[in-house]
K.L.:
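Shown below is the structure under consideration.
Bear in mind that the values here come from a model prediction, so they are computed numbers and not experimental data. What you see below is based on every heavy atom in this structure, not just the backbone, and it leaves out hydrogens, waters and symmetry mates. Per chain, numbering begins at 1; letters A, B, ... match sequence-line order.
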Number of protein chains: 2
Amino acid sequence: MRLSTKGRYAVTAMLDLTLNGGDGPVTLAEISETQGISLSYLEQLFAGLRGKQLVRGVRGPGGGYYLARPADEISIADIICAVDEWVEFTRCSGNKDCHGGNKCLTHNLWDELSRDIYTFLSDISLADLVARGGEIQAKCKKEAEKAGAKTKAA
Amino acid sequence: MRLSTKGRYAVTAMLDLTLNGGDGPVTLAEISETQGISLSYLEQLFAGLRGKQLVRGVRGPGGGYYLARPADEISIADIICAVDEWVEFTRCSGNKDCHGGNKCLTHNLWDELSRDIYTFLSDISLADLVARGGEIQAKCKKEAEKAGAKTKAA
DNA sequence: ATGTATCCTAGCGTTTTGCTGGGTTATAAT
DNA sequence: ATTATAACCCAGCAAAACGCTAGGATACAT
């Protein structure tokens with residue numbers, strides 16, 4: 001498993017898509033504006049997401065992206081693996097060149113952990129995250145209204 | 001949270017230390033040899049681990065490193081944070097420049113997820129990993145013996 | 001005094017990151 | 001048909017991170 005800022009950008013963009021995808025497709029320009037990610041970088045990320053069948057793009061005016069599957073069928077692990085392509089770590093899978101078993105052992109332990117992390121992230125869907133953040137959403141909206149009434153309504 | 005090959009190296013080295021630290025301190029040269037990590041890179045990693053009070057080094061002949069705390073009191077999150085220093089992501093924590101709440105919302109959702117991952121890794125100790133890999137250890141040793149009887153005994 | 005090992009620092013090639021800047025296609029609106 | 005809009009595609013580029021080499025300094029056991 002691998003987790004970097006690239007994965008963060010992808011998850012953030014997918015969250016934006018989940019939240020705003022209610023009425024028609026969302027353009028990358030909008031996500032770029034809202035989330036502060038460059039348009040071209042978003043395009044790269046979405047190339048990966050599209051390749052893994054997580055999003056679908058429609059071209060032309062009124063176009064944009066929408067989730068290819070319902071939000072509860074897209075896991076965080078799916079998103080991260082789509083953009084941060086999975087690099088296999090262990091080279092000693094076949095037990096060759098094991099230094100008395102110790103090297104192989106630690107590698108296997110890491111693989112075990114790696115699998116655990118993957119499983120953990122596979123059990124969290126976009127819908128889960130949004131649902132879990134319900135109170136955050138309410139609180140955030142309230143404070144945003146309180147802070148500046150001039151901000152454009154969503 | 002951040003998870004890269006750097007963190008993998010650190011966890012691997014700490015696992016090695018846990019498994020071989022029974023009889024006296026373990027030298028970085030040994031870990032370098034066994035795990036295939038360059039000595040100097042290990043030194044850098046252990047500088048971080050030492051700074052976070054996870055290991056203790058003794059100098060001179062017969063020296064090396066040993067765990068500063070028992071293996072069940074050192075979590076994977078501790079190790080990763082020690083070498084892969086924690087970068088804070090959200091810049092809009094104070095709800096300023098929220099685009100109608102949406103930017104802030106997605107950032108908070110990411111933070112939520114990030115905290116979840118951290119908590120998950122905090123609950124796994126070195127001792128847990130080693131214990132969980134018990135069957136792997138047995139299997140690995142057996143296969144290693146079967147494969148090549150010439151390999152030096154641990 | 002000597003060797004061993006941690007400790008420390010500077011630098012270097014490579015990869016990854018996130019971006020700018022150019023294009024081309026497909027489609028909806030005019 | 002023309003035009004504007006958006007997805008698509010690709011080359012390159014500065015900055016950072018990765019993993020390493022190299023050379024030293026310091027502490028300690030023999």
Side-chain angles (χ1 to χ4, degrees), chain A residues 1-13 17 20-21 24-33 35-68 80-87 89 91, chain B residues 1-13 17 20-21 24-33 35-68 80-87 89 91:
Chain A
M1 197 70 225
R2 185 150 169 225
L3 191 50
S4 66
T5 55
K6 192 174 182 181
R8 173 180 104 90
Y9 278 132
V11 171
T12 301
L17 212 61
N20 296 61
V26 181
T27 68
L28 293 188
E30 286 167 349
I31 299 179
S32 170
E33 165 81 13
Q35 303 299 332
I37 311 170
S38 90
L39 178 60
S40 210
Y41 195 44
L42 276 175
E43 283 177 347
Q44 287 180 36
L45 296 179
F46 274 75
L49 295 170
R50 191 164 15 93
K52 290 290 169 55
Q53 316 284 347
L54 299 181
V55 296
R56 262 217 285 240
V58 290
R59 290 159 99 147
Y65 277 98
Y66 57 92
L67 298 181
I80 291 174
C81 286
V83 298
D84 233 6
E85 68 260 39
W86 188 276
V87 264
F89 285 132
R91 296 140 288 181
Chain B
M1 198 70 226
R2 185 151 170 223
L3 191 50
S4 66
T5 55
K6 193 175 181 181
R8 173 179 105 89
Y9 278 133
V11 171
T12 302
L17 210 61
N20 297 64
V26 182
T27 68
L28 294 188
E30 287 168 349
I31 301 179
S32 169
E33 166 81 11
Q35 302 301 331
I37 313 172
S38 90
L39 178 60
S40 210
Y41 195 43
L42 276 175
E43 286 177 345
Q44 287 179 34
L45 296 179
F46 274 74
L49 295 170
R50 192 163 15 94
K52 289 292 169 56
Q53 316 285 347
L54 298 181
V55 295
R56 264 220 279 247
V58 290
R59 293 158 100 148
Y65 278 97
Y66 57 93
L67 298 182
I80 290 174
C81 286
V83 297
D84 233 8
E85 68 262 37
W86 188 274
V87 263
F89 286 133
R91 296 142 288 185

K.L.:
Between B:S4 and D:dC18, is there a contact of a side-chain N or O with OP1 or OP2 at under 4.0 Å?
P.N.:
yes
K.L.:
Test of understanding: with ring-ring contact (aromatic ring centres under 6.0 Å, His included), list the residues that count as partners of A:Y66, not counting sequence neighbours.
P.N.:
none
K.L.:
Specify the separation, in whole Å, of atom CG of B:D84 and atom C1' of C:dT16.
P.N.:
14 Å
K.L.:
For A:Q44, enumerate each residue passing the side-chain contact (heavy atoms from CB on, under 4.5 Å) test, keeping only those at least two apart in sequence or located in another chain.
P.N.:
A:Y41
K.L.:
Specify the closest pair of heavy atoms between A:S32 and A:I37, including all atoms of both residues, with the distance to one decimal.
P.N.:
OG-O, 2.6 Å
K.L.:
So do the side chains of B:R2 and B:I80 get within less than 4.5 Å of each other, counting heavy atoms only?
P.N.:
no
K.L.:
Nearest-Å distance, CZ (A:R8) to C1' (C:dG18)?
P.N.:
12 Å
K.L.:
Measure CG/A:L45 against P/D:dC10 and give the value in whole Å, please.
P.N.:
16 Å
K.L.:
What is the distance, rounded to the nearest whole Å, between atom OH of A:Y41 and atom P of D:dC9?
P.N.:
18 Å
K.L.:
For a quick test of reading the model, state the closest non-hydrogen atom pair linking A:D84 to A:S4 and the distance between them.
P.N.:
OD2-OG, 3.2 Å
K.L.:
Got A:L42 and A:Y65 here, is their nearest side-chain heavy-atom distance under 4.5 Å?
P.N.:
no
K.L.:
Under 3.5 Å, which protein N or O atoms sit close to an N or O of nucleotides 4-7 of chain D? Give each pair with its distance.
P.N.:
unit_1, atom_1, unit_2, atom_2, d
D:dA7, OP1, A:L28, N, 2.7

K.L.:
At under 4.0 Å, does any side-chain N or O of A:R2 touch on OP1 or OP2 of C:dT17?
P.N.:
yes
K.L.:
What is the distance, to the nearest angstrom, from the CD1 atom on B:I31 to the P atom on D:dC20?
P.N.:
14 Å
K.L.:
Whole Å only: how far is the CD atom of A:Q35 from the C1' atom of C:dC19?
P.N.:
18 Å
K.L.:
With nearest nucleotide decided by heavy atoms, which residue, A:Q44 or A:A47, maps closer to the 5′ end of DNA chain D?
P.N.:
A:A47
K.L.:
Distance check needed: C:dC19 C1' versus A:F46 CZ, whole Å only.
P.N.:
17 Å
K.L.:
Give the rounded distance in Å between these two atoms: CG of B:L42 and C1' of C:dA5.
P.N.:
14 Å
K.L.:
Does any donor-acceptor pair link the side chain of B:T5 with the base of D:dG19 at a separation under 3.5 Å?
P.N.:
no
K.L.:
For a 4.5 angstrom cut-off between non-hydrogen side-chain atoms, does B:T12 reach B:Y9?
P.N.:
no
